Amino acid sequence: MSELAPAYDPAQVEDRLYRQWIDRGDYRANPDSKKPGYAIVIPPPNVTGILTLGHVLNNTIQDILARRARLLGREVLWLPGTDHAGIATQTVVERTLKKEGKIRHRDDLGREEFLKQVWQWKEKHGGIIIQQLRKLGASCDWSRERFTMDSAYSTCVQQVFVDLYQKKMIYRGRRMVNWCPVSRTALSDEEVIMKEQKGLLYHFRVPVAGETEKFLTIATTRPETIPGDTAIAVNPKDPRYASLIGQHAVRPLPPELPEDQRRIPIVGDEHVDMTFGTGVLKVTPAHDPADFLIGQKHKLPSIEVIDESGFMNSHAGSVLAGLDRAKARVAAADQLRELGLLEKEEPYVNQVGFSERADVPVEPRLSEQWFLKYPSAEKSRSIVSSKKLRFFPERWSKVYDHWMENLQDWCISRQLWWGHRIPVWYRGDEVRCQVDSPGSDWRQDPDVLDTWFSSWLWPFATMGWPEKTAELKKFYPTTDLVTGPDIIFFWVARMIMAGFEYMGELPFQNVYFTGLIRDAKGRKLSKSLGNSPDPLDLIAKYGADGLRFGLLRIAPQGADIRYDEKQMEEGRNFANKLWNACRFRQQQGPSDPAANPSRHARTPFSDSLLAQLDKLERDLEPLYAGYEFSQIAQALYGFVWDEFCARFIETAKADFMNPDSPTRAGTLATADYVLSRVLRLLHPFMPFITEELWLTLGLGKTTIQYSDWPKIGEVSWDPAQAQMAETCYETADAGRKLRGEFGLSGSAKMKFQLVPKAKTPPTPEDLRTLAKLLQVGGVELVSIAPKAPMTPAPWGELYLPLEGLLDPVKEKARLEKEILAAETSRARENAKLADPKMLEKAPPEKVAEWRKIEQEASEKILRLREQIKLFTT
RNA sequence: GCGCGCUUAGCUCAGCGGUAGAGCGGCUGCCUUACACGCAGUUGGUCGGAGGUUCAAAUCCUUCAGCGCGCACCA
C-alpha cells in the first residue's frame, strides 16, 4: 500500500486510471448480459465542436447516471458519437478554405471536390471533442462510437426517407420558406430565431390611379420590397378605404418603369388590421409569407426583387439593383423622398427572424422544397402529457405539448452539399424515390437533408436498425436522455416521433433537461464574448473531479446556472478534504474491506456517524429519483465535511492516539465501513479520486466502478449512544462559542470547567474528547460554580476560567444579552401556547414541541440569572 | 398578444404550511501531530409590493411590479 501524498494531485491520477479503465474495456456494453439493461445515448456533439462547459455539465450528468447504474448492477450502455452538423460544418470548412485562399466560393471546387475537402477536414479536426470527453472521465462505450454520416447510418436515413415518401408523409412543394442568404439554403422554422430590432416605420404615399391628388398612405418597415409589390390591400370593413377596392394604385418604385407597368390593384382582405399603421397594406407575394397567402387568394402575380444571396436584382430598378437588402432599404427611402412621397419615418421596434447559424435576417423566399408531415404525432403527444414518458423538470412537458399541438410540416431539404443527399431521382418528367440510383441516365436531387433528419433516428440507428440486433433488444428503449431544453423541438420531440414510427416504442423513458450556463453577469457563455472558460484549463487547475463536483453542486434542477470559477475551486478543495480524511485513516494502519462496526465496542461518536450515514443513504434515494443532482452533491459534501471530518475524525483522534483504548477497533471499523460506503456513493460524481482511494486503502480488491451501491438499512447503530454524542457535540459548540466571545483560540494551556447536570455525567474519556473538540488542554469536573464566564450546555454549566482577563461589567452584559435571546425565544412560544384556538387545532406533537422549546428557554434563563448574581455583588 | 419561470443574507442558491438555512464573501483569532485546498468564532434577511385563505404563510390563492425565457404572419 503506497502512502497517500499530503495533497491530492489529480494529474498523478486521472490519465493513469482512465487508460486502465479503457484498456480493460470497462465500458464495453454486453448485449448478451443477464443483468438488466440501462442505456443512454449521448446527444451527439458537432464533429467540428470543442468542449464547452455546457458539454461538461451535460456529460457529467450522463456519466453520473451511467456509473450509478453500473453500481446498481445494471448492464450499462452509454453510446457516444458525433453529428455531421450540416450547415455548421460546411460553413466552417468553406470559411477555412477561403481564408487559405484556396477558393473564393464553393462553386470553384465543385460538389465532389468540396466534399472531399470536408471529409479531409473532418478526419483531421473532427472528434476533438471526443478526446476531450475522455479527460472528463466519461464512461462511454467508445467501441460503439457512431457518426451520423457513417455509411450504415446514412443508409438508415435514406431508408426512412423512402419509407415516409411511400407513406406520402414526405412531399415536394413550391412554398414560402425561411431562406438564409448567407448559407443560401432553406431553413426550418425552428432554425429561425426571432429578435427584437430597432428600425424605422416608413410612411409613404401611393397615388390612386386615374385620380388627381388622391393618395393612400402606407406604413412599412421594408421599403426596399416596394418594387415587388403587386397589390395594395385594405380591410373591406374599413369605411375609409372600402370604396377604393377594385380601383388601382400606382406603385412608386422603380420610377423608371412606365406608369402602366406600375399599376397594381387595390384588393380587400380580412387579414388587414385596420388599427395598425394607416390600415393600408402593401402586398409583396414574393417576399412575405402573409403577403404570399394574400397573393394566392387574389391570384396576384409575384415579382422577386431579392436574389438568393440577399441582394436586389434588376426588377428592383436601376438604383437598387446590386445593393445589399439593408443598403437598399435606405436607398429606397431616399428614392421615395426624392419623389416627394415619403411622409415620415418613425422609430419602430419589431421582431425579425434571424438565421440561427449565420445570425443574419432570414428572407422569406418562394422555392421548391421537400416537406415532412410528422408521423406518429398523436401518440408522441399523449405519451408525454400522460407522463408515461417523463420530463424533468416537468414544466418542459407543457412547452413540448404546445409545440406538438401546433405542428407545422417540416422543411427538410437544404441547398447544401455536406449531408445526406435526398434519395430522389429524376429522368425527364419521371421521379423515383429509392436509395440506389435507378440507372446512369437518372439524375439525383441535388439537395441534402436537414441534419436533424438524421439525428432524430439516433437512439435506434446507432444500434443497428433496421436489423433486429441484440443491442436493440437489450437497450431499446433507452432509459434516460440528458439534454438542453433548447433542442426540445429540434431533437427530443422528433426522436419521440421517429421512435414510435420505426420502433413502435418511445425512445427513452425519462428526459432530463439541464439548465443553461451563464456567466456571473447572467450572460450566455459564448466565444465571441470571451466569457467561456476552456474546460480543459479548468481540469488542469482543479482536476476533472473538482470540476465535475463543483459544477454539479451549483446546477439546480431546471434553472440556469450562474457560473463562478470559485465553485470549481471548492470542488477541488472538497476532493482534497476527502483525500486527507482517507490519508488520516491510512496513517492508523491497514483498512479492513469487510469491516463491520457492529462487532466492536464503539464510542457514541461512531454510532452518531452511522446514524448520519443511514440518513444520508435514505435522503439520496428520492433525490436520485427526482434527478436533483445539486442536492445530492450538497448532501454528500455536508456528510463528508461536517459529519465525517469535523465530528467523527476529531473525536476519533482520542482512540487513535491511545493504542489501549477499548473502542479503538470499533472506531477503525466504523471509519472503514463508512469510507467504503461513502466512496461508492461519491463515485458517480468523482470517479477518479474515489477509485484511487478505494484501491490504495484496499477497501476493494478490484475497481470501485463495479463494486455495488450501498443498500439502505444495512447500517445499524444505537440511538441512545448517537444521542449522547449529540450531547457532547452540542456541549463543545457551546464552549467554543463562549471561548470565541472572548476572542480566544484554543490552546493547550486553556482549561474549561464543568458543573455537571445531565443524568449520565461525562466519563473521563468523554472529557478528554470534549477537550479535543474544544481544542483546549482539558475539561475538569467541579462541583461549585466558579466566578467565571459560563454557558449552559447539555452536559451542564461550562465555565471558562480567565484569570485576570475577566471584566465583571462586560461579563454581566454578555449574560444579559444571552438572557434576552432566550427570553425572545420563550416569548414567541408562549404567545403560540397562549392562543386557545392554536392549542385546539394544531397537531399535539407540534404543541409538545413548542412546550419543550419554551421549557428549555425558561430553564436556560434561570441558569443564566443564577450566574449573573455572581457578578452583581 | 399568449404561455412558462424567477424575485429569500453583500454574492450564488436551498427551504415550498409549523422556532428564517447553506456555501462563498466580509470581520476576528489560530501554521492544534489528515488537510492553510485547513480550523474555530462572528457579522448579515420585516423571505419583491399589496390583498386574501388558515389556529399558523417565505411556503397556498388573487393581484401588481421588475427580470429572464419560449411561442406568435400585425405590415
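Note that this is a predicted model, so its numbers are computed, not measured. Naming convention: chains lettered A, B, ... in sequence-line order (proteins, then strands); numbering from 1 in each chain.
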Pair F392(A) and Y627(A), ring centroids less than 6.0 Å apart: yes

Interatomic distance, R828(A) CZ vs A56(B) P [rounded to whole Å]: 17 Å

Whole-Å distance separating the CD atom of E356(A) from the P atom of G70(B): 11 Å

Sugar-phosphate only, base, or nothing, as touched by Y348(A) at under 4.0 Å among non-hydrogen atoms: sugar-phosphate

Contact pattern, 5' to 3', of nucleotides 22-34 of chain B - B, S or - by protein heavy atom under 4.0 Å: SSSS---BS-B-B

Candidates C39(B), A75(B), C55(B) - which lies nearest the side chain of T220(A): A75(B)

K282(A) side-chain N/O to A75(B) phosphate OP1/OP2 under 4.0 Å: no

Side-chain donor-acceptor pair present, N235(A), D269(A), cut-off under 3.5 Å: no

Nucleotide C11(B), atom C1' - distance to CD1 of I554(A) in whole Å: 12 Å

Gap between atoms CZ and C1', on R518(A) and C11(B) respectively (whole Å): 17 Å

Any W641(A) side-chain nitrogen or oxygen under 4.0 Å from OP1 or OP2 of C39(B): yes

Nucleotide nearest H271(A) when distance is taken to its side chain, options A40(B), A75(B), C35(B): A75(B)

Nearest-Å distance for atom pair NZ/C1', residues K832(A) and A56(B): 8 Å

Side-chain donor-acceptor contact under 3.5 Å, W850(A) with Q855(A): no

Closest nucleotide among A40(B), U19(B), A72(B) to the I853(A) side chain: U19(B)

Side chain of R395(A) (C-beta onward), nearest among G5(B), C37(B), G18(B): G5(B)

Aromatic centroids of W396(A) and F391(A) separated by under 6.0 Å: no

Polar side chain donor-acceptor pair, T225(A) to K282(A), under 3.5 angstrom: yes

Complementary nucleotide for G48(B) - Watson-Crick or wobble, under 3.5 Å: C64(B)

Side-chain donor-acceptor pair present, T284(A), D229(A), cut-off under 3.5 Å: yes

Sugar-phosphate only, base, or nothing, as touched by P364(A) at under 4.0 Å among non-hydrogen atoms: nothing

Donor-acceptor pair under 3.5 Å, R562(A) side chain vs U12(B) base: no

Protein-nucleotide distance (K846(A), atom NZ; A56(B), atom P), rounded to Å: 17 Å

Any side-chain donor near an acceptor of the partner, Y542(A) and E565(A), under 3.5 Å: yes

Nearest listed nucleotide, side chain of K837(A), among G70(B), C55(B), G41(B): C55(B)

Protein-nucleotide distance (L552(A), atom CG; C13(B), atom C1'), rounded to Å: 15 Å

Test of ring centre spacing under 6.0 Å for F605(A) and Y729(A): yes

Sugar-phosphate, base or nothing in reach of R222(A), heavy atoms under 4.0 Å: nothing

Spacing of L774(A) atom CG relative to G41(B) atom P, expressed in whole Å: 10 Å

From A14(B), G18(B), A75(B), nucleotide with atom closest to W850(A) side chain: G18(B)

Closest nucleotide among U19(B), A72(B), C55(B) to the M838(A) side chain: C55(B)

